[in-house]
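Below is one structure, written out as structure tokens; the observations come after it.
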There are 2 protein chains.
Amino acid sequence: MTRLDDVAREAGVSASTVSRALTRPGMVSEATRSRVLATAERLGYRHHPAARALATGRAGLLAFAVASLANPFHAPIIAGAQEAAEEAGSELIVVVTDGSAAREEALFERLADRVDGFAAVGPAAPAARLAEAARRLPLVTLNRRVRGVSSVVIDTPGGMAGLGAHLAALGHARVAYLGGPEGSWLDRRRLRELRRAMPDAEIAASGPYPPEFDAGTRAFDAVAASGCTAVVAYSSTVLLGLLHRMTMKGLRAPGDLSLACADDLSAAGLAMPDVTALRVPGAEAGRLAVERLLDLARSSRPGTPAHQTLGVTLLPRASTAAPGRGAGTGRRRGDRERARPVE
Amino acid sequence: MTRLDDVAREAGVSASTVSRALTRPGMVSEATRSRVLATAERLGYRHHPAARALATGRAGLLAFAVASLANPFHAPIIAGAQEAAEEAGSELIVVVTDGSAAREEALFERLADRVDGFAAVGPAAPAARLAEAARRLPLVTLNRRVRGVSSVVIDTPGGMAGLGAHLAALGHARVAYLGGPEGSWLDRRRLRELRRAMPDAEIAASGPYPPEFDAGTRAFDAVAASGCTAVVAYSSTVLLGLLHRMTMKGLRAPGDLSLACADDLSAAGLAMPDVTALRVPGAEAGRLAVERLLDLARSSRPGTPAHQTLGVTLLPRASTAAPGRGAGTGRRRGDRERARPVE
DNA sequence: TCCTATCGTGCAAGCGCTTGCAGCTCACCT
DNA sequence: AGGTGAGCTGCAAGCGCTTGCACGATAGGA
């Protein structure tokens with residue numbers, strides 16, 4: 001492996017100059033800089049991360065915690081985070097918490113003095129612990145806001161306003177909400193906002209449902225018994241399961257039941273049936289989280305935590321329509337696009 | 001942060017002794033060792049990874065490449081890998097290749113002198129490049145075997161023997177195979193083995209299908225047109241989509257079509273309908289890959305590459321039965337469990 | 001023309017840990 | 001009793017990079 005010295009010797013300068021040419025462009029003359037860069041390039045020089053980490057105190061690593069990798073919702077978030085990290089010359093260590101606060105804290109503990117920052121999607125730990133952790137290490141929470149901790153939140157609760165209005169306008173008065181993991185900061189807010197958006201409707205919340213297909217099939221019975229005319233699910237995977245069970249029973253969307261969900265995975269390359277959903281900027285959220293983390297790491301001074309909120313947009317599709325009254329009667333009122341049964 | 005010196009001073013020994021007490025238990029006397037350990041514990045000493053990496057030349061990091069995080073098939077594999085890495089005191093850097101050989105090589109290049117080893121699930125790069133990479137850095141391929149590179153393979157092709165026999169015994173003579181990504185080492189072999197296991201049946205292969213729900217819905221038409229009585233999909237996500245579309249059309253499994261897939265995700269905590277599948281030991285594969293990687297890293301000598309194959313077992317479930325002749329006729333021959341239509 | 005900023009570069013001291021080597025202390029053997 | 005080896009421990013030299021400081025050169029002002 002070529003080292004700094006090799007480049008220095010070859011370019012006829014000292015190692016310090018090479019180091020500066022590579023990282024502090026303004027500190028060396030243009031002439032030497034270009035010569036050094038060319039030499040480095042020619043010799044295929046790559047800095048030794050450990051040596052740099054030892055000298056600077058920065059590891060060039062970031063930790064990124066998610067509850068599960070089996071949930072495709074996280075895929076674009078991680079992809080965005082990874083891209084941002086790569087651009088900044090850092091690597092991402094993705095860790096899985098299984099949604100357990102204990103495991104989350106254990107992982108933080110384990111990684112705290114090995115990485116330059118820690119990001120967590122929907123962390124389960126109590127707010128006080130998170131705030132404490134943030135004092136020790138750059139910390140960013142995604143989809144959860146905690147006093148004293150920088151955060152990036154995809155505003156699906158805010159999206160409930162539009163979605164609720166949409167359903168209300170269609171005439172739905174009884175809506176089922178299929179909720180996410182217990183104690184989810186975001187999920188509580190989604191439900192609250194949905195209720196606020198549909199003050200005249202009855203919202204029957206059930207859950208918690210894990211973000212799995214089968215949870216949706218199980219949810220069907222509760223939904224069917226509730227007499228609701230529309231369903232809002234926090235996860236499209238759950239909704240897919242529900243849709244499947246419905247279809248099994250000979251019911252269709254939107255004829256028999258209107259369907260909507262709070263995350264649109266088609267943006268993640270995961271096409272799914274034509275379901276009304278919220279467009280969630282997952283990749284952007286991941287990217288912003290990493291950028292914030294790097295900001296925090298750069299200015300070792302804690303500073304005031306920044307909270308960012310990413311808006312979502314409603315994607316009205318074929319799975320929602322005015323409440324119907326029986327199987328297979330999806331077609332009504334001439335709106336062909338909207339009334340086409342969902343597959 | 002407490003350093004080695006702090007512990008040394010506190011314990012009344014030199015830093016070298018502390019270092020040895022911590023990593024080379026046999027080299028210090030029992031008395032000093034326990035004293036040092038207790039002191040380290042009391043002061044909350046944790047070694048500085050960068051310093052250790054610089055001194056030893058080992059980074060304590062492993063790279064793990066997968067094509068996509070949106071594919072839940074990878075979740076247990078990564079989980080197993082992570083667990084093994086954690087036990088060994090290493091961290092895992094999970095990277096996403098999007099199935100592109102170019103990105104794969106770029107990532108390898110980028111990480112090669114930053115990690116102690118590189119594992120790749122179903123790598124897309126040509127065999128020669130992989131062999132070359134293996135000469136440079138400990139490398140393990142999963143679900144692909146390459147001459148000169150250690151590998152761990154989940155033997156789904158082998159599982160096709162049992163699955164084929166199962167279908168043949170039920171009387172299926174026309175079977176559709178829904179194949180995976182183009183150029184997949186494993187997928188080619190699965191198809192070959194399925195054909196070998198059902199020499200008297202006609203196997204209609206189609207694809208490539210990405211591992212997504214919607215790919216399954218698209219696949220339905222091809223399957224329906226083919227006149228097959230059974231479907232074998234490489235991915236359960238694809239099969240889920242197919243099942244959904246079938247149901248939409250009023251068809252049921254196994255009455256109208258028997259269904260089976262090559263990966264069983266219920267082991268990954270992802271319950272899905274009662275589909276005949278192969279139990280795939282994903283977590284074990286991930287774990288073994290990491291252990292092999294660490295072996296290779298320890299014995300800097302390349303040694304002979306080791307190839308491990310993990311067997312799969314057939315999980316016959318309700319989605320396969322003797323070929324039927326019409327919708328809703330799933331119930332036959334008194335086998336209630338087997339004949340229950342799949343939901 | 002001499003003095004003083006300014007700019008560019010090199011020197012050398014680390015960053016915290018590991019490890020070859022040397023030295024010391026005993027126990028054991030002859 | 002002296003010699004010898006084994007068993008522990010400490011010394012010090014790095015691992016490859018960054019960076020404060022000093023120094024020399026150059027340009028500008030007086």
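Values reported hereafter were calculated over all heavy atoms of this structure, with side chains retained and with hydrogens, waters and symmetry mates removed. Lettering follows sequence order; numbering is per chain, from 1.
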Grab the NE2-C1' distance between B:His47 and C:dT18 for me, whole Å please.
12 Å
Does any donor-acceptor pair link the side chain of A:Arg3 with the base of D:dG14 at a separation under 3.5 Å?
no
Record whether the side chain of B:Arg24 comes under 3.5 Å of the base of D:dG7 through a donor-acceptor pair of N or O atoms.
no
So, is B:Thr17 close to the D:dG10 phosphate, meaning a side-chain N or O under 4.0 Å from OP1 or OP2?
yes
Between D:dG10, C:dT9, C:dG16, which one does the side chain of B:Ser16 approach most closely?
D:dG10
Do we see a donor-acceptor contact under 3.5 Å between the side chains of A:Thr97 and A:Ser100?
no
Would the base of C:dG8 count as contacting A:Arg33 through its side chain, where contact means a donor and an acceptor less than 3.5 Å apart?
no
From the candidates C:dC17, C:dG10, C:dG8, the one with an atom nearest any side-chain atom of A:Thr32 is C:dG8
Decide, yes or no, whether a salt bridge links A:Arg135 with A:Glu132 under the criterion of side-chain N to carboxylate O below 4.0 Å.
no
Could you tell me whether A:Arg42 and A:Glu10 make a salt bridge, using a distance below 4.0 angstrom between a side-chain N and a carboxylate O?
yes
Atom CG of B:Asp5 and atom C1' of D:dG10 are separated, to the nearest Å, by 13 Å
From CG of A:Asp113 across to P of C:dC15 the rounded distance in Å is 18 Å
Looking at A:Thr56 and C:dC15, is any side-chain donor or acceptor paired with a base atom of the opposite kind under 3.5 Å?
no
Using the side-chain heavy atoms of A:Leu4, tell me which of these nucleotides is nearest: D:dG16, D:dT18, C:dC17.
D:dT18
Is B:Arg287 salt-bridged to B:Glu87, cutoff N-O under 4.0 Å?
yes
Just compare D:dC17, C:dT19, C:dC17 and give me whichever is closest to any side-chain atom of B:Ala55.
C:dC17
From CA spacing to verdict: salt bridge (Lys or Arg N to Asp or Glu O under 4.0 Å), B:Glu83, A:Arg103:
CA-CA 12 Å; B:Glu83 197 178 308; A:Arg103 175 136 178 81; over 6 Å; no
With sugar-phosphate meaning primed atoms plus P, OP1 and OP2, does B:Ser29 contact a base, only sugar-phosphate, or nothing at under 4.0 Å between heavy atoms?
sugar-phosphate
Nearest of D:dG16, D:dC11, D:dT18 to any side-chain atom of A:Ser19?
D:dT18
